[in-house]
Each structure stands twice: as C-alpha cells, then as structure tokens.
Peer 1: 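My questions will all concern the structure given below.
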Protein chains: 2
Amino acid sequence: MGVTERKEREKELRSESIIDAAERIFFNKGFKHATMNDVAKEAELSKGALYLYFHSKNELCMAILQRSLLILRNIFELLKEDKTLTGIERFQKLAKLFITFAKEHPNHYDSLLSYREHRENCPATGEIIKGTVRENKNINKIISDLIKMGQTDKTIKEDIDADKLSLALWGNFTGIMPSSILSNRATLNFDPEKIIEYHFELLINAIKT
Amino acid sequence: MGVTERKEREKELRSESIIDAAERIFFNKGFKHATMNDVAKEAELSKGALYLYFHSKNELCMAILQRSLLILRNIFELLKEDKTLTGIERFQKLAKLFITFAKEHPNHYDSLLSYREHRENCPATGEIIKGTVRENKNINKIISDLIKMGQTDKTIKEDIDADKLSLALWGNFTGIMPSSILSNRATLNFDPEKIIEYHFELLINAIKT
DNA sequence: ACAAAATATGACCGTTGGTCACTTGGTGAC
DNA sequence: GTCACCAAGTGACCAACGGTCATATTTTGT
C-alpha cells in the first residue's frame with residue numbers, strides 16, 4: 001500500500017509549491033498588499049485550495065519565515081564546521097555572516113523581522129509555529145556551541161555564559177538591523193553594518209582570553 | 001484676533017484626545033482588531049472626523065508610538081541629570097531602566113516594537129513620522145551623552161565610540177525584548193531580563209576603565 | 001463499474017479602512 | 001440682528017480582502 005505514502009509526498013510537494021508561489025508574490029508586492037487570490041493564481045490553484053494547506057494568510061507567512069530561519073541555520077552550520085578557524089575567529093565571523101545574510105537574502109531577512117506581525121492568530125499548537133520555534137532554538141544552539149568551542153580551544157574566556165550570550169546576539173541581530181537595512185537608508189545618518197561590527201568588536205574584547 | 005489661536009489650540013486638543021481614545025482602544029483590543037469606528041466612538045466623534053486629524057489608521061498608531069518614545073526619553077533624561085552617579089554607573093542603570101519601561105508601560109513598549117508594521121504607507125514627509133524620527137534621535141543623543149559623561153569623569157574608556165555604542169544598545173533594546181517580554185513567556189526557556197543584564201555586564205567590562 | 005473519499009473550485013459573506021456629498025454651527029461683515 | 005461663508009463634523013457608502021462552504025471533479029479501494 002504505497003498509495004498513502006505517495007499522497008503524503010504529493011501533499012508535501014503541493015504545500016512547498018504554494019510556499020514557493022507565496023514567496024514570489026509576497027516578496028514582490030509586500031505581505032500587506034499581496035492577496036490570497038494573487039497567491040492562488042501564482043500557485044495555479046483556487047483560493048479555497050490554499051486553505052486546505054494553510055489555516056490563514058499569517059500561517060503562510062510563518063511558513064516562509066521558517067524557510068528563512070533554515071537558510072540562516074545552514075549558514076551558521078557551515079561556520080561551525082569550519083575547522084580552520086579558532087573559536088574567537090568564528091565568533092568574529094558571526095557578525096559578517098549576519099550582514100551577508102541580510103544583504104543576500106533581503107526578503108527572507110525581512111520575513112524574519114516581521115515575526116511579530118504574523119505570529120498573531122497562528123495557534124501555537126500548529127505544526128508551522130512549532131517548526132519556527134524549533135528552528136529558532138537550533139540557531140541559538142549553534143551560536144552557543146560556537147562560543148563553547150572557543151572556550152574549548154581557550155580563545156574565549158572560560159567564565160562566559162555561552163547560552164546567555166547567544167541569546168543576546170540573536171536579539172541584537174533582529175534589533176539593530178531592522179531599523180536600518182530595510183528602511184530607506186537615505187534617512188539614516190549611520191551605517192547599520194558599522195554598528196553591528198563595532199558592537200561585536202566590543203564584545204570580542206570582553207570575551208577573548 | 002485671538003480666534004485663530006484659540007482654534008489652533010482646540011485643534012491640538014482634539015488631536016490629543018483622539019490619540020487618548022486610540023490608546024485606550026488599541027491597547028485594549030490590539031492594533032489589528034481595533035477598528036477606526038471603535039476609536040471614533042471612544043473619541044465621541046464620527047469616523048470621518050478622525051481622518052481630518054490623521055491620514056490613516058497607521059498614522060494614528062505612529063502618533064501613539066511617538067508618545068512612547070517621549071515617555072522613554074523622559075526616563076533617560078532623568079538618568080542623565082542624576083549627578084550622584086558616576087558615568088559607568090549611569091550606563092549600568094540604562095539596562096534596568098530599559099526593563100522598567102517595558103514592564104511599567106507594556107503597551108507603549110509594544111507600540112515601539114510595532115514600528116515596522118505601522119510605518120508602512122505613512123508618508124515620510126508627514127509631521128508625525130518626522131516627529132518619531134526626531135524623538136528617536138533625541139534618545140540616541142541622550143544615551144550617547146551618558147557615555148561621554150563617563151569618558152569625562154574617566155569611568156569609561158576614552159576610545160569608546162559613544163555614538164556607535166548608543167545605536168548598538170538601542171538596537172539591542174528593540175531586539176532581545178520583543179521575542180520575549182510580550183510573547184507568551186510560558187514558551188520561553190529563558191528570562192529576557194537576565195539576557196539583557198548579562199549583555200550589559202559584558203559591555204561594561206569592555207568599556208570601563 | 002461504482003460508491004466513497006479526497007481534493008479542488010469560486011461565488012459569496014462579513015468586516016473594515018477610507019471617501020465624499022451633505023449638514024451644522026460658529027464667525028465676521030454689514 | 002441678519003446672513004453668507006467656511007471650517008468642522010457626519011455617516012451612508014464603496015471597494016477590497018480574508019475566509020467559508022455548497023458544489024464539482026478526481027482519485028481510490030473493492
């Protein structure tokens with residue numbers, strides 16, 4: 001009885017192709033102005049069908065956000081596996097990777113920042129929400145591991161609390177950049193990248209051996 | 001001809017009383033679910049009249065945000081004028097004031113975080129948007145001044161870039177807290193206040209003489 | 001071959017932000 | 001005191017959109 005398995009795969013594929021369509025539409029028109037009809041048309045489905053796969057527009061947005069987190073996790077994962085660097089050097093590179101991600105995936109980065117807007121009305125029990133929470137934890141775990149690796153190779157102070165620092169960085173990542181990279185930079189009288197780098201510089205001084 | 005002046009005052013008062021009403025409604029029902037009709041009723045006006053004072057719902061939200069920034073500025077201003085503290089001690093107290101603000105004015109704090117949602121569609125030339133930008137700069141200026149005061153009394157390292165650090169802190173403030181204080185804390189496995197405090201601790205180590 | 005179940009459709013609904021033709025009431029000129 | 005005028009205010013109305021559901025189509029198991 002391979003039918004149910006095949007159906008499950010097809011359902012999964014449908015779901016993915018809807019998210020693909022949603023990304024194209026949302027990233028082009030913006031979350032607010034894109035409509036579910038737009039997405040349906042792009043996905044070559046009727047509007048009603050979308051609701052067989054996602055409970056609401058917000059949940060569809062959260063599905064995109066989950067992808068964004070995945071992209072970022074993969075970037076950090078690579079850093080973690082780079083054996084040519086010392087611990088503190090890896091930490092140093094975190095800031096650059098933050099910035100690179102935001103620049104190379106501006107739309108996905110934007111979706112990260114709109115977390116607050118879209119989580120509303122999404123039942124916390126839903127698979128998608130749980131997925132984003134899980135992915136979030138994964139990322140914090142990696143950052144935390146990076147720091148611990150620095151402690152192992154003695155390039156980062158022993159008494160640093162890796163978990164807390166990891167969360168602080170994550171907060172900083174989703175804090176300083178928002179007011180910047182995606183706003184009209186014209187109105188800013190500072191360069192957000194420089195701020196992040198400077199901030200990291202200070203932290204590095206605080207934690208290196 | 002004191003009539004025009006009086007009318008101007010009255011217009012200003014109306015505007016304020018609309019914001020008052022909007023705060024009560026928005027803070028109770030949430031920005032999304034509150035309607036302009038709700039606000040109109042609360043302000044004892046017709047819906048159409050609201051639009052004589054604010055171009056859109058978003059702009060009304062930004063007016064509330066401007067108030068939030070004002071509250072925060074006043075808090076920081078007090079810290080700046082406290083002559084009993086050394087520079088580094090004042091810096092230390094910043095973190096606590098951040099947290100206090102978020103706890104004592106949760107709705108206003110929330111409105112700060114929803115900046116991204118509401119700025120959309122508000123023309124950058126509007127008085128309200130310019131007001132929020134100005135208030136934002138004021139706050140960064142105060143933080144920056146606090147740091148410089150520490151450099152003057154030699155409790156903070158001379159070579160710290162006060163402006164950059166000020167922006168980094170502001171980013172952190174609007175970064176770590178959002179994912180925390182206002183989310184269901186139940187699902188969090190960490191205490192956001194602790195994270196902020198720890199982060200500050202590290203920074204203090206990096207900048208103190 | 002056919003009934004049952006899964007999948008898909010799109011007309012339809014309720015709600016809401018925003019508009020606009022119209023009303024109201026204070027003002028200043030005479 | 002009267003009256004034309006204009007800013008201030010009104011609320012019926014509109015278009016747009018998220019979401020639903022009765023119906024249609026396709027696939028599945030027997």
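Chain letters run A, B, ... following the sequence lines, proteins first and then strands; every chain starts at 1. The model shown is predicted, which means the values in this text are computed figures rather than measured ones.
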Peer 1: Looking across every strand, which nucleic acid part, if any, lies under 4.0 Å from B/Ala34 by heavy atom: base, sugar-phosphate, or nothing?
Peer 2: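 Sugar-phosphate, no base atom in range.
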
Peer 1: What does B/Tyr53 touch in the nucleic acid at a heavy-atom separation under 4.0 angstrom: a base, only the sugar-phosphate, or nothing?
Peer 2: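 Sugar-phosphate only.
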
Peer 1: Choosing from D/dT20, C/dT9, C/dG17, which nucleotide comes nearest the side chain of B/Met36?
Peer 2: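 So the nucleotide nearest the side chain must be C/dG17.
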
Peer 1: Is any NZ, NE, NH1 or NH2 atom of the basic residue among A/Asp20 and A/Arg24 found under 4.0 Å from an Asp or Glu carboxylate oxygen of the other?
Peer 2: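 Salt bridge: no.
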
Peer 1: Mind calculating the distance between CG (A/Asp38) and P (D/dA16) to the nearest angstrom?
Peer 2: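 Going from CG in A/Asp38 over to P in D/dA16 covers 12 Å.
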
Peer 1: Got B/Phe26 and B/Val39 here, is their nearest side-chain heavy-atom distance under 4.5 Å?
Peer 2: yes

Peer 1: Nearest to the side chain of B/Leu52, which nucleotide is it out of C/dT9, C/dT27, D/dG9?
Peer 2: D/dG9

Peer 1: Heavy atoms from C-beta onward define the side chain here; which of C/dA8, D/dG9, C/dT16 lies closest to that of A/Ser46?
Peer 2: C/dA8

Peer 1: Centre-to-centre under 6.0 Å for A/His105 and A/Phe101, is that the case here?
Peer 2: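 A/His105 vs A/Phe101: aromatic centres under 6.0 Å.
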
Peer 1: Looking only at side-chain atoms of B/Arg14, point me to the closest of D/dG19, C/dG18, D/dA8.
Peer 2: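 The nucleotide sitting nearest to the side chain is D/dA8.
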
Peer 1: Do the side chain of A/Lys47 and the base of D/dG19 come within less than 3.5 angstrom through a donor-acceptor pair of N or O atoms?
Peer 2: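 Under the 3.5 Å cut-off, the side chain and the base do form a donor-acceptor pair.
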
Peer 1: Across the strands shown, which category fits B/Lys11 at heavy-atom distances under 4.0 angstrom: base, sugar-phosphate, nothing?
Peer 2: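 If one applies the 4.0 Å heavy-atom cut-off, B/Lys11 turns out to touch the sugar-phosphate alone, with no base involved.
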
Peer 1: Below 4.0 angstrom, N of the basic side chain to O of the carboxylate: do A/Asp82 and A/Arg90 qualify?
Peer 2: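 Salt bridge flag = no for A/Arg90 with A/Asp82.
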
Peer 1: Using atom CG of B/Asn37 as one end and atom C1' of D/dT10 as the other, report the distance to the nearest whole Å.
Peer 2: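 That distance rounds to 12 Å.
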
